[in-house]
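Report on one structure; see the data block that follows.
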2 protein chains.
Amino acid sequence: MDSPVQANDIMKILERSWIFRDFPVQDKKDLVANSSLVRYDNRDVLFKQKTRTSHVMFIVKGLVKIYKENVSNRPVMLKIISGDHFAGLDTLFAEPVYQYSASSIGETTILIMDFGTFNNLLMSNGRFALDVIRLLSKESLYIFTRLNSQIHKQLPGRVADVLLYFSEEIYHSYEFEFPLPRHELAELAGTTKESFIRTINEFKHDKIIQLEGRRVKIVSLDIVRILSDLG
Amino acid sequence: MDSPVQANDIMKILERSWIFRDFPVQDKKDLVANSSLVRYDNRDVLFKQKTRTSHVMFIVKGLVKIYKENVSNRPVMLKIISGDHFAGLDTLFAEPVYQYSASSIGETTILIMDFGTFNNLLMSNGRFALDVIRLLSKESLYIFTRLNSQIHKQLPGRVADVLLYFSEEIYHSYEFEFPLPRHELAELAGTTKESFIRTINEFKHDKIIQLEGRRVKIVSLDIVRILSDLG
DNA sequence: GGACAATGGTGATCTATATCATCATATTTT
DNA sequence: AAAATATGATGATATAGATCACCATTGTCC
């Protein structure tokens, strides 16, 4: 089904990803034969809450936003996933329907894998299973800290968390550009657009950060850290 | 090392647990040889945040409370684990030190397994790995909903959640006894002792529940559900 | 058996942040 | 080019729930 060109591309992706790199050749071939590479534009929906789970999505390039939608029409952003990670793994294994939605941030390339193939590999390749277990574990722990923050930190602490999240987890730089508008950053901080704006602009006025539009530079990392720690 | 009596007990436990039951005999023997059965009293600490991870804890009898401690000295209860489940799996695989603490609720029996043995089984037994993946996935999803509730539901909704949690997840009955004092129930609802007491006593006055001391009976399940749903 | 801690409870404030209203730009659509 | 929408921003107001300060019981420990 796949053109040889795409098969080649997929193989290259597997070769350079930390998780698939050391797979036996046959396992990689299986994956290549049962995957396809898909490009998404900004804000495209990868999958939607309550729809049937179907495929494993491995992010090759770009960012993916994972969010929960609820009756109140005020979504919560659970996390942002970057390249070399999976989207929706947990739901895939635990539930027949997605428990949250996912959409692309910017242009994104996703390697879509057949779930059956993925499952067989997990069963036969213990090393791989253990890696997946580690990934899921980390996700759990991350949300634990989010919950803890949401309960005990007040806004400045949570906004500081968002700054650290982008700079340390996503862009690995203390100067970066928010890939999202304010109201979505607010979803990530568990607050409203207005409150987020007020708080981050206070950071700006206090010279803790530089901020023009979506461009940020963390000026006083120590203060941001203190704000995050003390909540 | 283990007395034959204990070895026998452990084997029986493995035989009747859904997760180990279908293991090959040799795998079960390995586990028996590398596990020990330990009794804990009410409020004993099983492991403490920031200490080195060491063993896999499988809950045989009783309940275990998982909580995060933080600087503000106000813990967050992440979940309550009941029999036939593991405590601390996620940390074990992701971090060298525990990311949260665990203590027993009431008298508890724990099967403590050697992590190395557990790991080897995961690598060699694909079925088992997949089961563990499913467990971890469910945990992730549960905390996602907790986070969502914490952000969007107000207190009555979260107190309703606590009622539903105990009745449906823990005791499988709409009449039960809280195994914890009010201030710990508050930790589970992400609020303070005072606010929790006020809210649950309002439920009582509104005849949604019956409540004497720690004994609860959910009278209007539909109203509790509505409170939980609408937040 | 007295002391001390733990637990359940209530009232009076206080405050962080949600909510509502509005506006200026910038961006996209027609 | 005009209209419509998205985005960033700011002020005024409302309020849920935290905080503080108590108190009465009950349980536990020398």
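Naming: A, B, ... by sequence-line order, numbering from 1 per chain. FYI, side chains are in, hydrogens and waters are out, and symmetry mates aren't considered; it's all heavy atoms of this structure.
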> Under 4.5 Å between any side-chain heavy atoms of L136(A) and S137(B), yes or no?
Replying inline: yes
>> One pair to check against ring-ring contact (aromatic ring centres under 6.0 Å, His included): Y142(B) and F144(B). What are the steps and the verdict?
In response: CA-CA 5 Å; Y142(B) 165 69; F144(B) 282 166; over 10 Å; no
Please determine, for the side chain of [X], which listed nucleotide ([options]) has the closest atom?
X: H183(A); options: dT7(D), dT7(C), dA16(C); answer: dT7(D)
X: E194(B); options: dA18(C), dA21(C), dT19(D); answer: dT19(D)
X: P181(A); options: dT19(D), dT7(C), dG8(D); answer: dG8(D)
X: T192(A); options: dG8(D), dT19(D), dT19(C); answer: dT19(C)

> What's the verdict on salt bridge (Lys or Arg N to Asp or Glu O under 4.0 Å) for K50(B) and E69(B), showing C-alpha distance, side-chain angles and the deciding distance?
Replying inline: CA-CA 10 Å; K50(B) 290 183 185 169; E69(B) 310 181 78; over 6 Å; no
In whole Å, what is the span from the [atom1] atom of [X] to the [atom2] atom of [N]?
X: L155(A); N: dA18(D); atom1: CG; atom2: P; result: 15 Å
X: L211(B); N: dG9(C); atom1: CG; atom2: P; result: 7 Å
X: E187(B); N: dG8(C); atom1: CD; atom2: P; result: 12 Å
X: Q150(B); N: dA18(C); atom1: CD; atom2: P; result: 13 Å
X: E212(A); N: dG8(D); atom1: CD; atom2: P; result: 14 Å
X: K153(A); N: dT17(C); atom1: NZ; atom2: P; result: 13 Å
X: H205(A); N: dA9(D); atom1: NE2; atom2: C1'; result: 11 Å
X: L180(A); N: dA6(D); atom1: CG; atom2: C1'; result: 14 Å

>> Can you confirm whether or not the ring centre of F86(A) sits under 6.0 Å from the ring centre of F118(A)?
In response: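 For F86(A) and F118(A), the ring centres are under 6.0 Å apart.
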> Looking at the rings of Y100(A) and Y98(A), which for Trp means the six-membered one, are their centres under 6.0 Å apart?
Replying inline: no
Think [X] has a side-chain N or O under 4.0 angstrom from the OP1 or OP2 of [N]?
X: N201(A); N: dT10(D); result: yes
X: R158(A); N: dA16(C); result: no
X: T191(B); N: dA18(D); result: yes

> Taking N and O atoms by type only, does the side chain of R198(B) place a donor or acceptor under 3.5 Å from a partner on the base of dT19(D)?
Replying inline: yes
> Checking only heavy atoms, does the side chain of R43(A) share a donor-acceptor pair with the base of dT28(C) at less than 3.5 Å?
Replying inline: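 No pair found.
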>> Taking any heavy-atom pair under 4.0 Å as a contact, classify I197(B): base, sugar-phosphate, or nothing.
In response: base
> Toward the 5' end of DNA chain C, which comes first, K193(A) or Q154(A), by nearest nucleotide?
Replying inline: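 It is Q154(A) whose nearest nucleotide is closer to the 5' end.
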